[in-house]
Student: 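Okay, here's the structure, questions in a sec.
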Amino acid sequence: MDSIKIFSPATVANVSCGFDVLGFCLDSVGDEMVIKKTSSKGITISKIEGYDLPLETKKNVAGVAGLAILEAANVNFGFDVEIYKHIKPGSGVGSSSASASGVVYAINELLGKPFNKTQLTAFAMKGEAVASGNEHADNIAPGLFGGFTLVKSLEPLEILELPTPTDLYATIVHPQIEVKTSEARAILPKHIQFKDGITQWANVGSLVHGLHTSDYDLISRSLQDVIVEPHRKQLIPQFDVAKASAMQSGALGVGISGSGPSIFALSKGETTANQVAEAFENVYKNTTIDFKVYVSKINPNGIKTLS
Ligand SMILES: Nc1ncnc2c1ncn2[C@@H]1O[C@H](COP(=O)(O)OP(=O)(O)O)[C@@H](O)[C@H]1O
Ligand SMILES: N[C@@H](CCOP(=O)(O)O)C(=O)O
């Protein structure tokens, strides 16, 4: 096999309390990519459709991630990458990480799967660092593993796969402004209050327990972020109104998706997830801000081969 076409889904990182460690995979939105073996070494990016992004290998997250897996594979050929982008860059639903994880998944398939998913995550992190200025894996792991994931540590890299309660649905609203992950990271404080740390790590523990036991009430009470959200919400117009409105419509919890500006809600059941979508729509349709709203199941499989 010398060529592969894949679907690389959007992801929601942080999941309120789990900054840089928790994430889950969406299934209704994602990029397509075509990767072909070439006789010349290295990575070329010959086509990007959908958004204006750099074709230069070292400026594109897909190029840098591709170079990382090639270096480890130590082969005397290379790959060409085409990206059909549907996830808007700077959206907070893992636009850059979808390209980074998609390319390493595809090259691994074409090489005969020499690397496991944790190794692929490490290669993709090299690419994601181009976009966010920092290596983190919470938006990459859900794409490569599917479902909910927890980044136990970066050194050594250890990813835990968490269960998804069957009735859990996500609703996303994406106000059409760009928030760069690097900029959303730059506004975060260097130090946090000890009491906030206690609240936050208790919430991470109880959210993980709630996912394992399908305890929707516990999941709801754990979806709180006292550390990052208070700083980042100012980058997102109507955040407080949208959050309050979605909670009134029955959401289990609402928070900033990744580094924003997208906002995610988790709900029990598709009917409630649709009501939350309507609540988000009602908030933003009364403003001048363009927006998109969608409901998604939690994608258990992550990136998939199309042909
Ligand atoms: N293949 C790519 N896909 C998306 N963004 C990319 C890609 N390559 C480089 N970038 C850069 O990464 C930034 C977007 O990434 P980021 O700020 O993390 O947004 P998101 O949260 O949507 O991933 C933009 O500056 C964009 O130019
Ligand atoms: N933990 C990171 C996640 C960034 O996710 P993205 O989808 O916005 O790229 C952060 O919050 O900075």
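Sequential numbering from 1 along the given sequence is applied to the chain's residues. Both counts, for ligands and for their atoms, begin at 1 and track the order of listing.
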Student: What about Ser96: any of its N or O atoms under 3.5 Å from an N or O on ligand 2?
Tutor: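 It does not: no N or O of Ser96 is found under 3.5 Å from an N or O of ligand 2.
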Student: What residue and atom, counting heavy atoms only, is the protein's closest point to atom 6 (C) of ligand 1, and at what distance?
Tutor: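 Of every protein heavy atom, Leu53 CD2, 3.6 Å lies nearest to atom 6 (C) of ligand 1.
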Student: Out of Ser259, Ala184, Gly258, Ser91, who gets a non-hydrogen atom closest to atom 22 (O) of ligand 1?
Tutor: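 It is Ser91 that holds the nearest heavy atom.
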Student: Got the closest protein heavy atom to atom 24 (C) of ligand 1, with its distance?
Tutor: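 The closest one turns out to be Lys180 CE, 4.2 Å.
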Student: Give the residue, atom name and distance (to 0.1 Å) of the protein heavy atom nearest atom 6 (P) of ligand 2.
Tutor: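 Result for atom 6 (P) of ligand 2: Asn139 ND2, 3.7 Å.
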Student: Ignoring hydrogens, just give me the one of Glu183, Lys180, His136 whose non-hydrogen atom is nearest atom 4 (C) of ligand 2.
Tutor: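 Residue with the shortest heavy-atom distance to the ligand atom: His136.
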Student: Does ligand 2 have an atom that lies less than 4.0 angstrom from a heavy atom of Gly92?
Tutor: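 Yes; Gly92 lies near enough to ligand 2 that a heavy-atom distance drops under 4.0 Å.
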Student: Quick test: of every protein heavy atom, which one is nearest to atom 7 (C) of ligand 1, and how far off is it to 0.1 Å?
Tutor: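 Protein heavy atom with the smallest distance to atom 7 (C) of ligand 1: Val61 CG2, 3.7 Å.
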Student: Looking only at protein heavy atoms, identify the closest one to atom 14 (C) of ligand 1 and say how far it is in Å.
Tutor: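 For atom 14 (C) of ligand 1, the nearest protein heavy atom comes out as Gly90 N, 3.8 Å.
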Student: In the protein, what heavy atom is nearest to atom 17 (O) of ligand 1, and what distance, to one decimal place, separates them?
Tutor: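 Here the nearest protein heavy atom works out to Thr181 N, 2.8 Å.
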Student: What protein heavy atom is closest to atom 8 (O) of ligand 2, reported as residue, atom name and distance in Å?
Tutor: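 Looking only at protein heavy atoms, the one closest to atom 8 (O) of ligand 2 is Ser259 OG, 2.7 Å.
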Student: Identify the protein heavy atom lying closest to atom 15 (O) of ligand 1, giving its residue, its atom name and the separation to 0.1 Å.
Tutor: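 For atom 15 (O) of ligand 1, the nearest protein heavy atom comes out as Ser96 OG, 3.3 Å.
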Student: Specify the protein heavy atom at minimum distance from atom 12 (O) of ligand 1: its residue, its atom name, and the distance to 0.1 Å.
Tutor: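 Looking only at protein heavy atoms, the one closest to atom 12 (O) of ligand 1 is Ala131 CB, 3.3 Å.
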Student: With side chain to side chain donor-acceptor pair (under 3.5 Å) as the test, would you mind laying out the steps for Ser206 and Ser222 before giving the verdict?
Tutor: CA-CA 6 Å; Ser206 57; Ser222 309; 2.8 Å; yes
Student: Just which atoms of ligand 2 are under 4.0 Å from any heavy atom in Arg185?
Tutor: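 Checking each atom against Arg185, I get 1 (N), 2 (C), 10 (C), 12 (O).
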Student: Taking distance alone, with no angle check, do Gly94 and ligand 2 share an N/O pair under 3.5 Å?
Tutor: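 Between Gly94 and ligand 2, an N or O pair is found under 3.5 Å apart.
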Student: Report yes if Thr11 has an N/O atom closer than 3.5 Å to an N/O atom of ligand 2; otherwise report no.
Tutor: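 No - when backbone and side-chain N and O of Thr11 are compared with those of ligand 2, no distance drops under 3.5 Å.
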Student: Looking only at distances, can you tell me whether any N or O atom of Ser257, backbone or side chain, sits closer than 3.5 Å to an N or O atom of ligand 2?
Tutor: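 There is no such contact.
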Student: So, Phe291 versus Phe280, ring centres under 6.0 angstrom or not?
Tutor: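 No, the ring centres sit 6.0 Å or more apart.
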Student: Considering only protein heavy atoms, which is closest to atom 3 (N) of ligand 1, and at what distance to one decimal place?
Tutor: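 Here the closest protein heavy atom is Lys85 CE, 3.2 Å.
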